[in-house]
Amino acid sequence: MGSQLCNGDDFEVPEIKIKFTKLFINGQFVDAVSGKTFETRDPRTGEVIAHVAEGDKEDVDLAVKAARQAFDHGKWPRMSGYERGRIMMKLADLIEQNTEELAILDTLDAGKLFALGKLMDIPGTVHYLRYYAGAADKIHGETLKMSKEFQGYTLKEPIGVVGHIIPWNYPSGVFFLKVSPALAAGCTMVVKPAEQSPLSALYYAHLAKEAGIPDGVLNVVTGFGPTAGAAISSHMDVDKVSFTGSTEVGRLVMEAAAKSNLKSVSLELGGKSPLIIFDDADVNMAVDLANKAIFFNKGEICAAGSRIYVQEGIYDEFMKKAAENAKKWVVGDPFDPRVHQGPQVDKEQFEKVLKYIEHGKREGATLLTGGRPCGDKGYYIEPTIFTDVKEDMLIAQDEIFGPVMSLMKFKTIEEAIERANNTRYGLASGIVTKDLNIANRVSRSIRAGSIWINCYFGFDVDCPFGGYKMSGFGKDMGLHAIDKYLQVKSVVTPIYGSPWL
Amino acid sequence: MGSQCNGDEFEVPEIKIKFTKLFINGQFVDAISGKTFETRDPRTGEVIAHIAEGDKGDVDLAVKAARQAFDHGKWPRMSGYERGRIMMKFADLIEQNIEELAILDSLDAGKLFTLNKLLDIPGTAHHLRYYAGAADKIHGETLKMSREFQGYTLKEPIGVVGHIIPWNFPSTMFSFKVCPALAAGCTMVVKPAEQSPLSALYYAHLAKEAGIPDGVLNVVAGFGPTAGAAISSHMDVDKVSFTGSAEVGRLVMEAAAKSNLKSVSLELGGKSPVIVFDDADLDMAVDLANKAIFFNKGEICAAGSRIYVQEGIYDAFVKKAVENAKKWVVGDPFDPRVHQGPQVDKQQFEKVLKYIEHGKREGATLLTGGRPCGDKGYYIEPTIFTDVKEDMLIAQDEIFGPVMSLMKFKTIEEAIERANNTRYGLAAGIVTKDLNIANRVSRSIRAGSIWINCYFGFDVDCPFGGYKMSGFGRDMGLHAIDKYLQVKSVVTPIYGSPWL
């Protein structure tokens, strides 16, 4: 049993005011065409926080219309990259000035740690915006080396109206991971935040307008996947959709894109990322890393290290320390600065994780620690470690998206590589070793988009992030994320009397 | 009427079909089912050969071979330089067999024999050499991290690739897809169009001779709904690249989504505009426009099928375009005097004639052509319609035949608006001497290739691909290799580094 502070006191929950609950279309906050609203709930208690406008197809149509007008005839794509960058920088400043309020919203909506929201999530968002703001005036095409007497060059043009479908685990981070490069490129967009976490997105829309982003450029339609999300994926006038979320819904997005106007698609999906710890690792550092890899953000990270492979030489010691470490992990109110882990985002996720824990027990894995819900209200789950996990068990193959570690022993480097790659996913992977050759060999051998050596969650705005295999295609972060929102146009003209080709 | 469908005094070279079986794991094999299908000569409609008909089971074998070759074989583990050497050898072998390959594409797809020998087949060798030279220059980047970490990206081959190739440029399309994928270190299964399987199987033979290891390049001839669909929906294919119609492109993307979420690139159709301004040289413009739509019997995705001529030169243009079209010789593609061979098969032939009927029924004016040509095979006269309204089928749909829609415009704004009034966005041509018009219009047209005072300005270093419903992804150019690469980021903490 991990210690719980589920009913802790002596910390202050800041005053909470929900300012923005309507759709943001063409620079205005408006009700849904239907007038409907939906509830967003606080996972600490399950209680309703606010009623938010429920966008559906008609609202998406209005938003796309506004975005299309803004793209085809508005200022935004026609500004210089420098001018777009200035406005994006202003938005970044405004976000910084409202860090606390935004952190409150994500904690309320998604159970995320308030202290980390203020320290990492919201400042990270600001960082993404500034990075892409600084790139907006550096979008280069190329002159070409033709083999006949022609001049050829490529132009990188904004692709048009973009749909972004955002998940609930990092409402602020993923919002700006998608929106920032698209803004830099000169695109206009419709964002559909997850129904579990709409609050900060609507606040960002308000700040965007204040910063000077013209009406219609950034629209936010809150609502549900099968209605508002599907309307975006299948819209005949959206030029590109970028999606982060589950593999199941990713399929639907790509299918809808194919059936409608063949819009291009990028998908960042799930993972079952392995963390491989070699005998020469510092055990304390490795335990700390492994526990963070799976318990951080309550395991609700696509790149979570959910399969921990420990070489047999240090396995027993590792196992003992991992269980101790997990027991010290404090689960409780995410506003409490002493807490390490808040509640799962909603009832559905909560039940799904508990179900996988039951699977684990039933399939014959050994429950080392945790495994039970925590407290009598809300969606808290104890940090959970299974050992004696076989590769074909559900808890070894499926993405659980909760604080459930599968801890396994390995002998040789070849075995580790084979087992690490034995998954339909390929999002991330960790390697813990001091040995240069092991690090190089294993990092080359694992089929995953991010390899973190002696660290985990080694994210950086300059570092491309995205999956191999069924973890999706397309990269977020890094300069080339902008390419997703650009079209390449080749322009060719015959030349006469040129000294060379 | 400008047709010479029954000319003589030219030699049709001796034709021998050497390769008619599937090429899997380095061997020519029958289809598991034992079935074959007929490939026909569009000059006569007669059967040329019986080809092994690959289906799901054969695709499974091919993918297995490609997977083995990728996961455990030499090809991805060679240096880029070594792959490049073998690709260069492959190019040499193609050059040594130009005539035979040219014959196959003329037989299969009705393409002009002289042009195959002069352009298509040498172009294939050129593509191979271009990408062979790029194979050892595939670079990742070191990154500028904002904390004490070292980060770099590796560009790794994506794995087993499926290529679904169309029939209009069997050799060129084969090389567009196969060459960058080989350079990247991928292994692949190619499904050539059922109308034109012959040269693909010959290339497979030459690939083996060149030293491409077994399993790296597999060719499964067959039909779209069977072999093609098996590739798009295969759980062990990492990427599919498709060139063909928008209708089938949808099916490919859907199948990819429903199976293993493989990444997809699509090069689809077009309804590309050519905009001719008043200051154009009339003869040059007419020649350009006629080539844009009649070249390769209009069977080009990037064909300039909508010709917009500014009113100042419109009447003179119309007169010359018709004269020019009447001089266009339709006939046996082996005849060096012929400009236009037959449409590829009966289905395409009937489709084009149907659109011509639509055009007449919708009220466009038929200036020249409009009828089939000769009494056998699939020949169609070069056809020009005027008085075409933007909402007519012949102005919106891709006809894929020698049918020009000729329209008049007044202002540059009108030209831009009408040029963009299409669901497609593959290419566009602009004819003007004026620098500012050229720059403004090239920026304003939403299409992937803009050809100024030329048309079909293709070059292996120049990316080609569409906007809008013409697809996504680019062939040719260095970055075509990216379609066959994965980006891997590797991050390690660093200690005591003087700078980030």
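Below, chains carry the letters A, B, ... as their sequence lines are ordered, and counting in each starts from 1.
- In this structure, the side chain of B:Arg147 engages the main chain of A:Phe459 through a donor-acceptor pair within 3.5 Å.
- Within 6.0 Å of CD on B:Glu413 lie more than 12 heavy atoms contributed by other residues, nucleotides or ligands.
- Looking at B:Leu251, neither its backbone nor its side chain comes within 4.5 Å of chain A, counting heavy atoms on both sides.
- Only the side chain of A:Glu142 comes within less than 4.5 Å of a heavy atom of chain B; its backbone N, CA, C and O stay farther away.
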* Carefully, step by step, assess B:Ser449 and A:Val492 under the rule side-chain contact (heavy atoms from CB on, under 4.5 Å). => CA-CA 8 Å; B:Ser449 293; A:Val492 175; over 6 Å; no

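- When each of A:Gly160, A:Gly426, A:Ala258 is checked for heavy-atom pairs under 4.5 Å with chain B, A:Ala258 comes out on top.
- Contact count against chain A (heavy-atom pairs under 4.5 Å) is highest for B:Asn260 among B:Asn260, B:Leu154, B:Leu478, B:Val252.
- At a 4.5 Å heavy-atom cutoff, A:Ala256 makes no contact with chain B through either its backbone or its side chain.
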* Are B:Val264 and A:Met254 close enough, and set up right, to give a side-chain contact (heavy atoms from CB on, under 4.5 Å), and what steps lead you there? -> CA-CA 10 Å; B:Val264 170; A:Met254 191 170 171; 3.6 Å; yes

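- Most heavy-atom pairs under 4.5 Å with chain A, from the set B:Ser470, B:Cys462, B:Gly151, B:Gly466: that is B:Cys462.
- Contacts with chain A were tallied for B:Gly473, B:Gly425, B:Ala256, B:Ser259; B:Ser259 has the most, counting heavy-atom pairs under 4.5 Å.
- For B:Ser146, the parts sitting under 4.5 Å from any heavy atom of chain A are the backbone and the side chain alike.
- For a residue to count as touching a neighbouring chain, one of its non-hydrogen atoms must lie under 4.5 Å from one of that chain's; by this rule B:Asp236 does not touch chain A.
- Note that CZ of B:Arg474 is 7.0 Å distant from OG of A:Ser490, once rounded to the nearest 0.5 Å.
- For the atom pair CG (B:Leu261) and OH (A:Tyr425), the distance works out to 9.5 Å, reported to the nearest 0.5 Å.
- When heavy atoms are compared at a cutoff of 4.5 Å, B:Ile430 does not approach chain A at all.
- Using a 4.5 Å cut-off between heavy atoms, A:Asn421 does not touch chain B at all.
- For the options B:Pro463, B:Gly249, B:Ser442, heavy-atom pairs under 4.5 Å to chain A are most numerous at B:Pro463.
- Interface remark: B:Phe149 contributes side-chain atoms only to the contact with chain A (heavy atom separation under 4.5 Å).
- Expressed to the nearest 0.5 Å, how far CD1 of A:Ile159 lies from CZ of B:Phe472 amounts to 9.5 Å.
- Checked by atom type and distance alone, the side chain of A:Lys489 pairs as donor or acceptor with a backbone atom of B:Arg443 at under 3.5 Å.
- Heavy atoms closer than 4.5 Å to chain B are found in both the backbone and the side chain of A:Tyr468.
- Put simply, the side chain of A:Asp462 gets close to the backbone of B:Lys144: a donor and an acceptor are under 3.5 Å apart.
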* To do: Given side-chain contact (heavy atoms from CB on, under 4.5 Å), test A:Phe473 with B:Lys239 step by step and report yes or no.
  => CA-CA 10 Å; A:Phe473 44 81; B:Lys239 192 229 164 45; over 6 Å; no

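- In this structure, the portions of A:Ser147 lying under 4.5 Å from any heavy atom of chain B include both its backbone and its side chain.
- Put simply, CZ on B:Arg423 and CE on A:Met236 are 8.5 Å apart, with the number rounded to the nearest 0.5 Å.
- Of the listed residues A:Glu157, A:Lys148, A:Lys469, the one with more heavy-atom pairs under 4.5 angstrom with chain B than any other is A:Glu157.
- Only the side chain of B:Tyr152 comes within contact range of chain A, with at least one heavy atom under 4.5 Å from a heavy atom of that chain.
- For the atom pair A:Met477 CE and B:Leu143 CG, the distance stands at 11.5 Å (nearest 0.5 Å).
- Only the side chain of A:Lys475 comes within contact range of chain B, with heavy atoms under 4.5 Å apart.
- In this structure, chain A has no heavy atom under 4.5 Å from any part of B:Ala427.
- Using a 4.5 Å cut-off between heavy atoms, B:Arg250 touches chain A through backbone and side chain atoms alike.
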